[in-house]
Amino acid sequence: PRPSSRPRILLKAPTLAEMEEMNISEEEESP
Amino acid sequence: HPVNIPRREKDFQGMLEYKKEDELKLVKNLILELKPRGVAVNLIPGLPAYILFMCLRHADYVNDDQKVRTLLTSTINSIKKILKKRGDDFETVSFWLANTCRFLHCLKQYSGDEAFMKHNTQRQNEHCLSNFDLAEYRQVISDLAIQIYQQLIKCMENILQPMIVSGMLEHETIQGVSGVKPTGLRKRTSSIADEGTYTLDSILRQLSAFHSTMCQHGTDPELIKQVVKQQFYIIGAVTLNNLLLRKDMCSWSKGMQIRYNVSQLEEWLRDKGLMTCGAKETLEPLIQAAQLLQVKKKTDEDAEAICSMCLALTTAQIVKVLNLYTPVNEFEERVSVAFIRTIQTRLRDRCESPQLLMDTKMIYPVTFPFSPSSLALETIQIPGSLNLAFLTRV
């Protein structure tokens, strides 16, 4: 179990549209 | 070679370990190539969501923020991709709506936020994320779920739309009452078209098919209620709009047929335990239009009764129905111009839009009420049919 005193680190998230852009290079690579 | 000794379930921590280079294979096998009609039929509802969450838990456990981010991004983008490709297939859209919602619920249930932990067992609380707060990702996934919901509604509408006018207005099931056709009106459908005509039963069967698919996919009951309400809204709006545009639909006997059809839709709701989902209320304008076709339309008292009865119809709609009203036999009369004037005068002070037709594209805002699962992550096993042997139960 996780020690309750230690705060979790907030992971900043891109928006849905930004995520799609991040994926473009990956899609281009795939056949 | 290591000897593979089966472990007891209580030894598992409800996580799935995977190598970074297997991430693409994971989303490919679990999201992009999974056929809801094939392998997925026998899975426990929401299994893809649980598997993805258990992988995420492991990435969180090893404190690898990059692994957490890329898994979430790949998951979201793969779901979007499959919906782009098969967005017109109700089963695919329903399957991913149910799984996206389950994934969102898991992110809440195991977030460590006390508000979401109330129903957790002690073991489930031990399975909360250790290192990262994914509140922002939860928002993105909720946005994704809204997009999928809207796609589901569009998909369902495309299937229902061609059935509505035929099944709700044209097809007559109560011959005894509506045997007499309004004078001077020809039947719109030819005998050839009749064979392919949809009936109310076609609509009811389709509603049952949508419902059973969503249940099979483990869609949250609260979400099913919202889908059904939206379905009924579309049925009511399309039917009313056609009634308002067709003289041959504005007769006493059509009023009778519509009321019968509405009662069958209500019966369907009762049968599915959905009487309180607000679906019936969306039919109110149609119900009132059907009543308007059947009430007396002559005296001042009749006018008063109509005005107090038709609260869900706009003045434009009431007047239109009265203008289109066509007697079915010699005992009835057309509605007099004077009577319509009386109605217009009585309704003059109503504050409303001058709208005649209903907006059939309107979509009620959707919500995804938190729905924690009692399933213990450590008991989840992955069927071989999913081709995920590269994941290790931890």
Side-chain angles (χ1 to χ4, degrees), chain A, chain B residues 13 23-25 27-28 32 56-57 59-61 63-81 83-85 100 107 110-114 117 120 122-148:
Chain A
R2 165 185 188 281
S4 57
S5 54
R6 190 160 55 95
R8 295 170 179 83
I9 299 161
L10 177 74
L11 288 196
K12 300 295 268 177
T15 63
L16 266 184
E18 287 164 351
M19 268 191 194
E20 203 157 355
E21 279 167 28
M22 286 158 61
N23 207 33
I24 288 171
S25 54
E26 182 194 299
E27 280 182 28
E28 280 169 354
E29 281 166 25
S30 60
Chain B
Q13 297 174 67
E23 185 196 275
L24 276 177
K25 205 157 62 175
V27 294
K28 182 168 164 272
L32 297 170
L56 189 73
R57 274 198 65 219
D60 167 80
Y61 175 73
N63 204 4
D64 188 338
D65 66 319
Q66 203 46 41
K67 205 175 177 187
V68 169
R69 282 179 219 272
T70 64
L71 178 61
L72 284 166
T73 305
S74 298
T75 298
I76 292 166
N77 284 335
S78 300
I79 294 173
K80 286 184 76 170
K81 207 171 184 177
L83 290 169
K84 215 172 200 173
K85 197 172 154 196
T100 303
L107 285 171
Y110 296 101
S111 62
D113 183 337
E114 278 179 22
M117 292 164 70
N120 283 359
Q122 198 189 334
R123 194 81 208 269
Q124 283 179 320
N125 280 339
E126 287 166 13
H127 290 166
C128 284
L129 297 172
S130 308
N131 294 303
F132 303 112
D133 174 349
L134 301 178
E136 287 199 7
Y137 278 93
R138 289 206 303 264
Q139 186 54 52
V140 179
I141 289 161
S142 173
D143 292 346
L144 174 67
I146 292 172
Q147 278 189 7
I148 306 174

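In what follows, chains are A, B, ... by sequence order, proteins preceding strands, each numbered from 1.
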Spatial distance of atom CD1 (Ile9(A)) from atom CG (Leu129(B)) [nearest 0.5 Å]: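 One finds 12.5 Å between CD1 of Ile9(A) and CG of Leu129(B).
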When rounded to the nearest 0.5 angstrom, what distance separates OG1 in Thr15(A) from CD in Glu136(B)? 11.0 Å
Within-4.5 Å side-chain heavy-atom neighbours: Asp60(B) and Arg8(A): no
Could you look at Leu134(B) and say if it's the side chain, the backbone, both or neither that has a heavy atom under 4.5 Å from chain A?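 Only the side chain of Leu134(B) comes within 4.5 Å of chain A.
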Examine whether an atom of Gln147(B) lies under 4.5 Å from a heavy atom of chain A, and if so say whether it belongs to the side chain, the backbone or both; otherwise answer neither.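 Looking at Gln147(B), just its side chain touches chain A.
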Indicate the atoms forming the closest heavy-atom contact of Ile76(B) with Leu16(A), along with that distance.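 Closest pair (atom of Ile76(B), atom of Leu16(A), distance): CG2-CD2, 3.5 Å.
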Here the pair of heavy atoms bringing Val140(B) nearest to Ala13(A) is CG2-CB, 4.0 Å
Partner of Leu11(A) by side chain to side chain contact (heavy atoms under 4.5 Å, CB included), out of Leu72(B), Asn131(B), Asp65(B): Asp65(B)
